[in-house]
There are 2 protein chains.
Amino acid sequence: MGKPVTTGRRAGLDRDDMVCAALALIEHEGPAALTMRRLAAALDVTTTTIYWHVGSRDELITEVIRHQSERQAGRPITGTTARERVMCAARHVWDNALDNRAITSLAHQTGTTSLLEHPLEVALGRELESAGLTGEPAARALRAILSTVGGLLVLALRNESTVPEEHRAPALWAATHGELAPATIAALTRPGDYEDLFTSTVQAVIDAHVPGPRD
Amino acid sequence: MGKPVTTGRRAGLDRDDMVCAALALIEHEGPAALTMRRLAAALDVTTTTIYWHVGSRDELITEVIRHQSERQAGRPITGTTARERVMCAARHVWDNALDNRAITSLAHQTGTTSLLEHPLEVALGRELESAGLTGEPAARALRAILSTVGGLLVLALRNESTVPEEHRAPALWAATHGELAPATIAALTRPGDYEDLFTSTVQAVIDAHVPGPRD
DNA sequence: GCGGGCACTTGAACACTGTCAAAGTTCGCC
DNA sequence: GGCGAACTTTGACAGTGTTCAAGTGCCCGC
């Protein structure tokens, strides 16, 4: 009947639909694509409608992060020794971040990483307690491990394509003559293996906090 | 004489003035204050003039970072053992970042951290070579130490005031009942001491890569 | 049946961002 | 004196988050 595209109760969308659409948008087109107008277009709605449901962009992002946070709980912890199980919990944080790069980046740049990873952090905390740590030592170990993983994630999730090639690490090292041995420069010019770096570095931090089976 | 505020060669500013003014603006009012219009106002000039001199905002930022990079070189390395000297070089990265939070944050969010810290990274590399590491092992040690420091900096430089109190880590831990021991929760609710965390965590990573005096 | 009020939606704006084309002015040099 | 290069400005464009006033549809009580 050629309904005039009018206003009023037609969309039938609620807050959850907004959050899910935002999540999909981020996953498919990256964090920068999360624009109120783009999200509105994806939902076939006006930006004002989104504001009515979610309040603001920050609230929307927080909700997206919280939603994702619930989805990434519950991977099983394996391993027999305490160190192995702690390592496994740490690797869950790492793996989940790499499996959901876009949302993790978004959480990182909005300062809501704690919110996103909290369930995984709790799991890590449990393993630390099983290993015999409580109170302050457990908190210190937890923070040390999480910040180490976080630092590695900054490297692994960095979107190289946004920064010109001549300012990226390999090019900088290639331009560094005379200060370091050629073999070292060569090694630094090659791209690093983040997986190896993760394993050895996190293991070192864990070993410094969690007593081994013979202690 | 009521000179008409005309156009033409009047400002007498060059590219370097733009960069310095941008640096000052960032240091005094934070990275978010670096806006082309604000910078133009600070220089008593139009945005187009800035574009004529520096090309684009990204180029301006790159130049600011490079400029700052040169300023933060040259702190002396102290210590007698190899591990002490490596630790000192790592601490230089840490201290410089904390002393220049605004610029470091900016570099971090534009992916130019490598550019900013490259001189300090070279110094760290030198100490690693003095400790007997070369080639791939040196590169691995360097990357491990830098990513660890980077992860700690993410924590230490995070601007807490931008994210609502109930989504910050202490509040999240305070809301976590039943999963962890009360003493652990209490320790996690208290704000952490980043200085301690830096020392112990970085030391652990260094010890894993750099042989001690008795080896 | 119908009218009031709530729930939702829209259109149009505001202030802000980076960026650019065109036009203007001033300067050094021939 | 005039020409061309080196700047500088005006004024716009497209995009961002956000809000206000005005709609429209629907349910509920009368």
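Here is the naming used below: chain letters follow the sequence lines, and residue numbers restart at 1 for every chain. All values derive from a computational prediction rather than experimental measurement. Keep in mind that the numbers below use all heavy atoms, side chains included, and drop hydrogens, waters and symmetry copies.
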Novice: Categorize L34(A) for me: base, sugar-phosphate, or nothing, with a 4.0 angstrom heavy-atom threshold over every strand shown.
Specialist: sugar-phosphate

Novice: If I take atom CG in residue L39(A) and atom P in nucleotide dT9(C), what distance separates them, rounded to the nearest angstrom?
Specialist: 13 Å

Novice: Classify the side chain of R37(A) and the base of dG15(D) as holding, or not holding, a donor-acceptor pair under 3.5 Å.
Specialist: no

Novice: In this structure, how many angstroms lie between the P atom of dA6(D) and the CG atom of D14(B), rounded?
Specialist: 15 Å

Novice: Quick one: L25(B) CG to dT17(C) C1', roughly how many Å, whole number?
Specialist: 15 Å

Novice: Are a donor atom and an acceptor atom from the side chains of T176(A) and H118(B) found within less than 3.5 Å of each other?
Specialist: yes

Novice: Could you label the plane-to-plane angle of the F198(A) and W94(A) rings as parallel, tilted or perpendicular, counting under 30° as parallel and over 60° as perpendicular?
Specialist: parallel

Novice: What is the distance, to the nearest angstrom, from the CE atom on M36(B) to the C1' atom on dC13(D)?
Specialist: 16 Å

Novice: Any side-chain N or O of H53(A) below 4.0 angstrom from OP1/OP2 of dA7(C)?
Specialist: no

Novice: Please give, in whole Å, the distance from dA5(D) P to W52(B) CH2?
Specialist: 13 Å

Novice: Report the distance from atom CD1 of I50(A) to atom P of dT19(D), rounded to the nearest whole Å.
Specialist: 14 Å

Novice: Could you tell me if the side chain of V93(A) sits less than 4.5 Å from the side chain of I145(A), heavy atoms only?
Specialist: no

Novice: Starting at the 5' end of DNA chain C and moving along, which residue's nearest nucleotide shows up first, G55(B) or R38(B)?
Specialist: R38(B)

Novice: Let me know, please, whether T46(A) or R57(B) comes out on the 5' side of the other along DNA chain C by nearest nucleotide.
Specialist: T46(A)

Novice: What is the distance from CG of L13(A) to C1' of dT10(C), rounded to the nearest Å?
Specialist: 14 Å

Novice: Does the base of dC16(C) carry an N or O that pairs as donor and acceptor with the side chain of T35(B) under 3.5 Å?
Specialist: no

Novice: Quiz question: by atom type and distance under 3.5 Å, do the side chains of R158(A) and T113(B) form a donor-acceptor pair?
Specialist: no

Novice: I want to check one thing: is the phosphate of dG17(D), taken as OP1 and OP2, less than 4.0 Å away from some side-chain N or O of T47(A)?
Specialist: no

Novice: In whole angstrom, give the distance that lies between atom CG of L43(B) and atom C1' of dC7(D).
Specialist: 15 Å

Novice: When you look at H92(A) and L124(A), which way does the side-chain contact (heavy atoms from CB on, under 4.5 Å) test go after all the steps?
Specialist: CA-CA 9 Å; H92(A) 283 350; L124(A) 179 57; over 6 Å; no

Novice: Taking donor-acceptor contacts at under 3.5 Å, does the side chain of T48(B) reach the base of dT10(D)?
Specialist: yes

